[in-house]
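Before any comments, here is the structure.
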Amino acid sequence: MAHKKLDDILNNYDVYPLVVVKDKPTTIHIRPLGCDQDFEPGREYELVICALEDGNPRDFPATGDFRRKKVICNENGGFDIEHTFNKEQKYHLKFFDGEKGMERFSVYCVDEDLRGRYPFMGDLHMHTNRSDGNQTPPVVCANYRRYGYDFMVISDHKRYYPSLEAIDAYKDVNIELNIVPGEEVHMPRINGKTNDVHIVSFGAEYSINALTDGDHLKEVGPDLKYRSLYGKAPDIMSYDEYQKKMQELADNTEVPDDVDAVPYASCCWIFDEIRKANGLGIFAHPTWKRDAYHVPEAFTKYMFEQKPFDAFEVLGGERYFEHNGFQTVLYYEAMAKGIRMPIVGSTDSHSSYESNKGAFICETIVFSPENERKALIQSIKDFYSTAVDTISTEYRVVGEGRLVRYSSFLIENYFPIHDELCYEEGRLMKQYITGTDEEKADAKAALEFVYGRGKKLREKYFDF
């Protein structure tokens with residue numbers, strides 16, 4: 001993540017694993033990284049393991065959990081600490097030399113359901129110069145890998161083929177960035193009526209836009225290689241067939257008086273088609289402002305109640321508070337009413353350069369067994385995701401409480417390390433796409449050499 005840098009503790013010490021599983025005996029390794037020698041090899045120190053959420057036992061003996069033990073500094077000036085953590089939360093490891101407080105380190109304990117679920121950072125909504133963005137699809141991918149993304153989608157307006165272009169650009173080289181197919185879906189008018197609800201298709205195996213006449217078909221034609229991931233897609237409807245189908249759906253859809261049937265029925269059809277294509281249908285940025293909200297609040301709340309979508313884009317697209325701030329309020333109000341919905345955060349960016357102030361405003365953390373399209377989609381559907389707001393210097397995380405706390409720990413302690421690896425791969429990806437023949441060959445060789453380091457990093461810092 002471009003906004004978070006290594007602090008002194010992470011620069012001076014390597015602590016691993018950072019994440020452990022509840023009730024599993026674990027050895028935490030603390031290793032100095034060339035800093036001034038804080039600890040003397042062979043000397044005994046007192047270690048206090050503090051459970052963050054339970055308070056100080058001096059003041060709150062009913063819950064406070066501070067475990068004290070004597071530890072010996074190893075020959076490398078670090079420690080190997082055996083401990084079993086028994087509750088999901090953050091723990092501080094504070095060292096003392098007599099009465100003198102020394103360094104404090106952090107680890108996180110997770111419940112069994114998070115075992116094997118690694119945190120992958122990514123974006124589910126962004127644009128290139130194939131619609132209204134500023135860079136080509138392969139360059140956008142390289143730039144976002146450089147800033148710490150593990151997965152991303154090219155979701156150009158009305159067009160699926162740019163996402164396939166991005167995937168194809170790197171087909172001959174090993175990279176750890178997972179480029180997922182997708183598009184932002186905008187279907188034609190229906191008897192003069194427009195469905196202007198923005199819907200992102202993430203990971204679908206064929207284009208929804210190309211199911212009928214539109215910009216996608218006009219620009220590249222009906223060939224399956226441009227509108228499907230695996231060479232399979234439904235037959236293309238004529239515009240008249242599409243219009244008739246949508247009007248029939250609207251005529252047979254009952255909605256409240258303050259909800260319009262045509263856009264709602266059209267939304268339901270689009271989300272169903274995305275699911276048929278094994279994708280994730282995202283209800284995007286309803287409080288984006290023009291003269292009025294992009295989507296009326298009554299419509300948004302009805303969408304929340306009925307949940308025809310797979311995930312809600314709770315963060316993304318704009319930097320003013322009324323956008324992400326109001327969407328977050330709507331999300332938490334729905335949660336308070338017992339309406340639970342998967343969420344994502346996305347940039348909706350149109351330029352992948354730092355000069356674009358909206359280039360890095362939001363991300364999604366998905367806790368998934370692997371960085372693979374189907375696994376990411378299922379993990380989001382199963383509520384294992386959080387949305388991260390990085391508009392201001394101080395980040396904030398939106399989502400369910402336990403995952404918000406866990407995400408915050410990872411943003412502070414894991415992702416700064418992770419992002420350094422991503423930066424190098426992203427720089428080489430751009431060289432591979434834009435360089436001279438010699439530079440491309442050098443980049444390909446270097447990418448092959450560094451491939452797999454992300455996996456090794458996860459295995460080191462997560463004791464699964």
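Values below: every heavy atom of this structure, side chains too, minus hydrogens, waters and symmetry copies.
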* Between the side chains of E183 and S207, is a donor N or O closer than 3.5 angstrom to an acceptor N or O? -> yes
* Asked: Atom CG in D272, atom CD1 in I208: separation rounded to 0.5 Å?
  -> 10.0 Å
* Asked: Using a distance-only test with no angle check, is there a side-chain donor-acceptor pair under 3.5 angstrom linking Q243 and Y239?
  -> yes
* What do you reckon, is CZ of F449 surrounded by more than 12 foreign heavy atoms closer than 6.0 Å? -> no
* How about D156 and S131: does a side-chain donor come under 3.5 Å of a side-chain acceptor? -> yes
* For the residue pair D251 and Q247, confirm or rule out a side-chain donor-acceptor distance under 3.5 Å. => yes
* To do: Just say parallel, tilted or perpendicular for the rings of F151 and F202, cut-offs at 30° and 60°.
  => perpendicular
* To do: Check the surroundings of atom NZ in K90: do more than 12 heavy atoms from other residues, nucleotides or ligands lie under 6.0 Å from it?
  => yes
* Going by atom types only, do R117 and S379 share a side-chain donor-acceptor pair under 3.5 Å? -> yes
* For the residue pair H418 and Y414, does the interplanar ring angle fall in the parallel (under 30°), tilted (30 to 60°) or perpendicular (over 60°) class? -> tilted
* Quick one: do T347 and D123 satisfy side-chain hydrogen bond (donor to acceptor under 3.5 Å, both in side chains)? Show the steps, please. => CA-CA 7 Å; T347 59; D123 195 302; 2.8 Å; yes
* **Shortest non-hydrogen separation from A204 to P181 and the atoms involved** => O-CG, 3.7 Å
* **Verdict with supporting geometry, S407 and T386, side-chain hydrogen bond (donor to acceptor under 3.5 Å, both in side chains)** => CA-CA 7 Å; S407 297; T386 57; 2.9 Å; yes
* Structure fact -> Sorted by chain and number, sequence neighbours left out, ring pair (Phe, Tyr, Trp, His ring centres under 6.0 Å) with F309 holds for F283
* Asked: What orientation do Y118 and F462 show, parallel under 30°, tilted 30 to 60°, or perpendicular over 60°?
  -> perpendicular
* Should the pair Y108 and F409 be assigned to parallel (<30°), tilted (30 to 60°) or perpendicular (>60°) ring geometry? -> tilted
* Asked: Is K440 atom NZ crowded by more than 12 heavy atoms from other residues, nucleotides or ligands, each under 6.0 Å away?
  -> yes
* To do: Scan D111, D23, D54 and name whichever one has a salt bridge (Lys or Arg N to Asp or Glu O under 4.0 Å) with K87.
  => D54
* Quickly, which of I282, V185, L280 forms a side-chain contact (heavy atoms from CB on, under 4.5 Å) with V200? Name it, please. => I282
* Asked: How are the rings of Y461 and Y16 set relative to one another: parallel (under 30°), tilted (30 to 60°) or perpendicular (over 60°)?
  -> perpendicular
* State whether the number of non-hydrogen atoms from other residues, nucleotides or ligands found under 6.0 Å of K337 atom NZ is greater than 12. => no
* Stacked cation flag R227 on Y161, 6.0 angstrom / 45 deg -> no
* To do: May I ask you to check whether T287 and Q327 show a side-chain donor-acceptor distance below 3.5 Å?
  => yes
* Asked: How about Y144 and Y149: are their ring centroids closer than 6.0 Å?
  -> yes
* Structure fact -> Closest non-hydrogen contact found for C362 with L315 is SG-CB, 3.7 Å
* Plane angle bin for H216 and Y160 - parallel if under 30°, tilted between 30 and 60°, otherwise perpendicular -> tilted
